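Computed from a predicted model, the values in this text were never measured in an experiment. Throughout, a chain's letter reflects where its sequence line sits, starting with A, and its residues are numbered from 1.
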There are 2 protein chains.
Amino acid sequence: MSVGIRHDDLRRRNRAMVISAVRRAGQPSRTEIAATTGLSHSTISAISADLIQEGILTESKASEPTALKRGRPQIGLALNPEAAAVLTVVLSLNFLSVAVIDYAGQVIAEEQQRLDTLVMPREELIGECMAIVRRRLQDPDLDVGSVARIAMGIQGITDSHARAMLWSPITPLTDIPFADILEREFGIPATMENDCNMMAVALQWRDPNRYRDNFIAILLSHGIGMGLVLKGQLFTGTHSSGGEFGHMIHRPGGALCRCGRRGCVEAYAGNYAIWRSAMMISEDAEPTDVGDADMRALAAKARLEEGPEREAYRRAGEALGFGLGSLFALIDPAPVAMVGVSAAAFDLIEPALRKAIAQTAGGQHSESISFDTEPNELPLIREGCAMRALTFVDQEIFAPGVQARAGKHVA
Amino acid sequence: MSVGIRHDDLRRRNRAMVISAVRRAGQPSRTEIAATTGLSHSTISAISADLIQEGILTESKASEPTALKRGRPQIGLALNPEAAAVLTVVLSLNFLSVAVIDYAGQVIAEEQQRLDTLVMPREELIGECMAIVRRRLQDPDLDVGSVARIAMGIQGITDSHARAMLWSPITPLTDIPFADILEREFGIPATMENDCNMMAVALQWRDPNRYRDNFIAILLSHGIGMGLVLKGQLFTGTHSSGGEFGHMIHRPGGALCRCGRRGCVEAYAGNYAIWRSAMMISEDAEPTDVGDADMRALAAKARLEEGPEREAYRRAGEALGFGLGSLFALIDPAPVAMVGVSAAAFDLIEPALRKAIAQTAGGQHSESISFDTEPNELPLIREGCAMRALTFVDQEIFAPGVQARAGKHVA
DNA sequence: GGCTTTTTTTCGAGCCTCGAAAAAACACTG
DNA sequence: CAGTGTTTTTTCGAGGCTCGAAAAAAAGCC
């Protein structure tokens, strides 16, 4: 059962609330924070005084474009960029990218690198990841002590505690506990996040109006992934990162999927599946890697004329539509963001997708379901990792406060 | 954004925690409560003194079979049965059943009635429901003032706020706001709950070891319904009661479902679908009602010999298996309880079901997924309604406390 | 009957939030 | 430019809550 609320939890929670209000709103005044949190002005005043004194928040006087109003002007509160820093590591197919981000969310350094993820042996892959992180941490411009968190994102399945990569399409290797390895190597708390989950987190921050309580982010790439937010919270499985939308069964016993099973949504809508279908290769053929450029050429061809290419996208749309329909039967319809190379070909996918959804339980409001597309997943994943790490610092490091933290260290 | 924690929330939450600890544990001592809640002995002592003084809890001296131990014996705390009462109304096909339950969870009165739900006009159906409730409330043995909550359960789809029945297989009528009607009629707060959700709630109370954080209750009856508990919490859709497992798509464009669409899981696994298949009737045929006795006879025939009956159950198992597999792809595998008439025929369903699951993403641990069967859904639904209503009283009426409630009334 | 053990209550200290009032900081006005 | 009005922020005392330590209570044990 959930634990009771102790007296000191109260302050911790309300501090967390103030910090998150500032992170969300940009430069809210104390009065605005009081309004959104429902706490009294005196409480907000006391808490923000503490937070400023601890160097977590700053008063921003740079509110130049203030509308001239009577009365004492509001003082905007902002996150102090120097309060901390976080580091993001995004590992994708043949590509490794690292960024250092200040507490206010600005990128202050980054580094990228190509590497052959598909063939690298275990030690080498881990080694390269550690090396690039070490280079960034040794940057003389950076105060290493301020790096409070590392968030690593990867395509594939991670465990539900965000500690390890269990399986990934970008490497034959499995079960690499990246979070533990990073922590041991650098002594900085780390997590290993699923790419689609991070996309969802990023969308929530980018456009909180559209992506607030319930929405779906779908990665249309080599594989099909999903990040799901329900009731404002990231939905993860109980054992794994969950949301293996691509491996819902579209046609029992159907086309061969990369996962070895048959009839998965991905076996019709993944890049390799669209390619296989367009090239009139058997559905039983082993999945092959298809480059982004090839996919773009395929989409162009499909737009040009009727033919197997267009038919391939139609079938992808159908699979995605029935999959979404089944999902909507379970969770009610929600806005969908399509991300990845094939999202750029969403015009080819959409008609069949909508037609399929209309035939399912979720399709009652099929027209009202809205889709957004974003062809480039990498920036989203990094942004999601950054926000993940930053909110961790907010909630777990800064919210407890100095005396609480001091107490913990002693214990 | 979520609201800050005020000072008075603290007491409310901790009172709620103590009450729920007592409801869960039966007759825990103050020391046990302190251990499970993590609060100090002094706090538990203060809170329980209040609750006893308010007549919500009682000290139970009836701890006869206490193991003789040194030291001051523990005093068990129990719910005071007379603190309040709740009323459950379960409306199912041709059957209406009402029960009055005391605060400790014991049934103190009940009444049942047959009625032709399929053909009754709107006003008459509502009228019969109100009449049976009124009769129970007028029982001279009952203190009407103590009835604090009515929970109504129905087969079908309810809205996400548990206020109205949106659609049900037991009547052609739609959109009946039963909760509002009950509240207006009797002045007692009421809810309109989905049957499968209540089954899940009941299972959680009946066997908290097996059904704790993540599990699935599936109703195998005329239609196919599902109640889903994730992370210990009932999962409901954003608009409706959600979890329309029966209308996930099994075969795109396949058999005709009662809902008018094609290829739903229910169109292969609902009673009418099994019957249709066993009788070698076309998959395009309109669904017909099949009695429980007929279904039992069908199952007996299927057990006896190979033939279309056995094949029908096999196909039902396959549909359920692929549906569950897709579900498991999204939420990771969890224990499943099969409830309803066809759960008694689960021996006929299970082999094909397991075989299908094994071909899906969730099937990696296909053997480890365990199934339970319970042929009678009605007692479960009533029990779920009762617990729903009682925990509402716990959390929303008794937890705030008298002075808080007095304050509310004034405001 | 005194001692030990365990549970429960009591009591003062320390925090926290709140409301009211005061202070601060600005615009407007004549 | 001093006075007035307005809005934001801070200050201060009151009231509650939880906690730890100590005391009290209620048994068994010898």
Has the side chain of A/E32 got a donor or acceptor atom that lies under 3.5 Å from a matching backbone atom of A/Q27? no

For side chain to side chain contact (heavy atoms under 4.5 Å, CB included), just list the numbers for B/L79 and B/F398, CA-CA rounded to whole Å, side-chain angles, deciding distance to a tenth of an Å, and then say yes or no. CA-CA 12 Å; B/L79 301 167; B/F398 286 163; over 6 Å; no

A/D8 CG to D/dT18 C1', in whole Å, measures 9 Å

Of all heavy-atom pairs linking A/R11 and A/A46, the shortest is NH2-CB, 3.6 Å

Sorted by position of nearest nucleotide on DNA chain D, 5' first, the leading residue of B/G38 and A/S48 is A/S48

Is it the case that the side chain of B/Q204 and the backbone of B/G232 share a donor-acceptor pair, with hydrogens and angles ignored and the cut-off at 3.5 Å? yes

*Describe, in one word, how the ring planes of B/H7 and A/H7 are oriented to each other, choosing from parallel (under 30°), tilted (30 to 60°) and perpendicular (over 60°).*
parallel

- prompt: What is the nucleic acid contact for A/N14, judged by heavy atoms within less than 4.0 Å: base, sugar-phosphate only, or nothing?
  reply: sugar-phosphate

Taking C/dT10, C/dG19, D/dT8 as options, the one with an atom nearest any side-chain atom of A/T31 is D/dT8

Closest to the side chain of A/R6, out of D/dC19, D/dT11, C/dT8, is D/dC19

The bend of the helix from C/dG1-D/dC30 to C/dG30-D/dC1, taken between the axes of its five terminal pairs at each end and rounded to 10°, is 20°

Among the nucleotides C/dT8, D/dA27, C/dA25, whichever has the atom closest to the side chain of A/P73 is C/dA25

Between CD of B/Q53 and P of C/dT9 the distance, given in whole Å, is 14 Å

When rounded to whole Å, the CG to C1' distance for the pair B/L39 and D/dG20 reads 14 Å

Separation of C/dC15 atom P from B/H7 atom NE2, nearest Å, is 13 Å

- prompt: Side-chain N or O of A/T43 less than 4.0 angstrom from OP1 or OP2 on C/dC18?
  reply: yes

Between CD of B/E59 and P of D/dA25 the distance, given in whole Å, is 15 Å

| task | Look only at the side chain of A/S45 and the backbone of A/H41, and say whether a donor-acceptor pair between them is shorter than 3.5 Å. | result | no

Of A/L10 and A/R72, the one whose closest nucleotide on DNA chain C sits nearer the 5' end is A/L10

Against the side chain of A/R11, the closest entry in D/dC19, C/dC16, D/dT10 is C/dC16

Whole-Å distance, A/R12 CZ to D/dT18 C1', equals 15 Å

Out of C/dT7, D/dT9, C/dT17, minimum distance to the side chain of A/R30 belongs to D/dT9

OG (B/S20) and CZ (B/R15) are apart, to the nearest 0.5 Å, by 13.5 Å

Taken to the nearest whole Å, CD1/B/I44 to C1'/C/dT9 is 14 Å

Testing C/dC18, D/dT18, C/dT5 for proximity to the side chain of A/S40, the answer is C/dC18

Atom CD of B/E32 and atom P of C/dT7 are separated, to the nearest Å, by 9 Å

Flag side-chain contact, heavy atom, 4.5 Å: B/I47 against B/D50
no

